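Presented below is the structure to which this report refers.
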Amino acid sequence: MPMEKTFAIIKPDACSRGIAGQVLAKIEENGFQVIAMKKLRMTKKQAEGFYAVHRGKPFFSSLTDFMSSGPCIVLVLQKENAIAAWRKLMGATNPANAEPGTIRKEFAQSMEANSVHGSDAPDTASYEIAYFFSALELCV
Ligand code: CMP
């Protein structure tokens with residue numbers, strides 16, 4: 001199976017609780033290579049651009065407030081079948097439905113403060129990687 005890249009965020013709820021390192025350990029333990037990583041705080045406008053696909057949904061305003069409420073860590077992960085593998089490791093969006101052993105089961109606090117994000121398909125992975133990283137930052 002060919003190597004694939006996906007995009008991930010360690011969200012503000014995880015960064016503010018000091019558990020980003022534990023999330024990163026799980027990423028590495030599960031065989032993902034961290035291709036690129038940075039810590040930043042999105043503005044409300046940047047969060048709206050990132051989640052543009054959700055514009056108009058009832059949770060859009062609250063989601064973009066939350067995602068711009070504090071620092072997060074954005075990452076590019078590589079592995080065979082990385083998009084599906086990262087979504088499996090994250091667990092269900094709603095932590096109440098997340099499987100044991102997943103990051104959201106262990107760390108997420110709510111549907112919104114659910115600790116991590118991951119791309120859901122190759123085209124969204126490409127969009128989301130390019131939203132935060134230049135080609136030069138993906139050269140490792
Ligand atoms: P994420 O994977 O970052 O993609 C969109 C986010 O919207 C999702 O995780 C949740 O944190 C958040 N969200 C809040 N409410 C909902 C909802 N009702 N359905 C889906 N996502 C929601």
Side-chain angles (χ1 to χ4, degrees):
M1 200 175 278
M3 283 293 181
E4 184 176 60
K5 289 186 180 63
T6 192
F7 175 76
I9 303 179
I10 303 176
K11 293 188 179 186
D13 66 288
C15 287
S16 66
R17 282 180 287 150
I19 56 170
Q22 291 180 63
V23 175
L24 275 168
K26 286 197 180 294
I27 287 171
E28 293 193 327
E29 281 161 12
N30 282 274
F32 292 90
Q33 190 187 351
V34 177
I35 297 288
M37 173 166 68
K38 53 191 168 191
K39 188 170 190 178
L40 52 86
R41 179 171 179 173
M42 278 186 254
T43 63
K44 172 88 171 164
K45 281 234 168 313
Q46 288 166 340
E48 288 172 348
F50 179 73
Y51 281 115
V53 66
H54 294 301
R55 192 179 285 281
K57 294 186 183 160
F59 57 86
F60 182 72
S61 178
S62 175
L63 171 65
T64 52
D65 277 346
F66 166 66
M67 290 301 291
S68 56
S69 67
C72 66
I73 294 172
V74 293
L75 305 121
V76 179
L77 307 178
Q78 183 168 277
K79 189 182 173 170
E80 287 181 2
N81 206 19
I83 294 172
W86 173 233
R87 289 182 72 79
K88 186 164 191 281
L89 180 59
M90 286 196 301
T93 304
N94 184 345
N97 302 327
E99 296 287 329
T102 63
I103 290 171
R104 284 169 170 162
K105 180 71 177 179
E106 189 165 345
F107 298 120
Q109 298 175 306
S110 66
M111 179 97 105
E112 184 169 273
N114 64 356
S115 302
V116 283
H117 166 84
S119 309
D120 62 2
D123 57 336
T124 39
S126 299
Y127 172 81
E128 291 177 356
I129 289 170
Y131 198 79
F132 289 102
F133 294 98
S134 72
L136 273 179
E137 292 173 300
L138 304 173
C139 285
V140 294

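It should be emphasised that the depicted structure is a prediction, and the values quoted were computed from it without experimental measurement. Values below: every heavy atom of this structure, side chains too, minus hydrogens, waters and symmetry copies.
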- Task: List for me each residue that meets side chain to side chain contact (heavy atoms under 4.5 Å, CB included) alongside P95, sequence neighbours excluded, and say none if there are none.
- Result: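 Testing P95 for side chain to side chain contact (heavy atoms under 4.5 Å, CB included), a comparison that skips the adjacent residues, returns A108.
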- Item | side chain to side chain contact (heavy atoms under 4.5 Å, CB included) against Q46, all qualifying residues, sequence neighbours excluded | M42, T43, Y131
Residues in salt bridge (charged side-chain N to carboxylate O under 4.0 Å, His left out) with [X], at least two apart?
X   : value
K88 : none
R17 : D13
K38 : E137

- Task: Show which residues join V116 in its hydrophobic cluster (side-chain heavy-atom contacts under 4.5 Å, direct or indirect), or state none.
- Result: I10, I19, V23, L24, I27, F32, V34, M37, I73, L75, L77, W86, L89, M90, I103, F107
Just grab all the salt bridge (Lys or Arg N to Asp or Glu O under 4.0 Å) pairs involving [range], residues at least two apart or on different chains.
range            : value
residues 102-124 : K26-E106
residues 68-79   : none
residues 55-78   : K44-D65

Same cluster or not: [X] versus [Y], using hydrophobic residues (I, L, V, M, F, W, Y) connected whenever any side-chain heavy atoms lie under 4.5 Å apart?
X    : Y    : answer
F50  : F133 : yes
Y127 : Y51  : yes
M67  : L40  : yes

Just how far is it from atom [atom1] of [X] to atom [atom2] of [Y], taken to the nearest 0.5 Å?
X    : Y    : atom1 : atom2 : answer
I129 : T6   : CD1   : OG1   : 6.5 Å
R87  : S119 : CZ    : OG    : 8.5 Å
K5   : Q33  : NZ    : CD    : 8.5 Å

- Using the ring of each side chain (for Trp, its six-membered ring), is F7 parallel, tilted or perpendicular to F132, with breaks at 30° and 60°?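 If you compare the ring of F7 with that of F132, the planes turn out parallel.
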- Task: Quick one: sort the F59 and H54 rings into parallel, tilted or perpendicular, breaks at 30° and 60°.
- Result: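 The rings of F59 and H54 sit tilted, inter-plane angle from 30° to 60°.
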- Taking everything shown except E80 itself, do over 12 heavy atoms lie less than 6.0 Å from its CD? yes
- Query: Which atoms form the tightest heavy-atom contact between C15 and P71, and what is the distance?
  - Reply: CB-O, 3.4 Å
- Please list, chain by chain and in numerical order, all residues satisfying ring-ring contact (aromatic ring centres under 6.0 Å, His included) with F66, sequence neighbours excluded. none
- Residues in side chain to side chain donor-acceptor pair (under 3.5 Å) with E4, at least two apart? none
- Query: Does S69 offer a backbone N or O that forms a donor-acceptor pair with the side chain of R41 under 3.5 Å?
  - Reply: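 At least one qualifying donor-acceptor pair exists.
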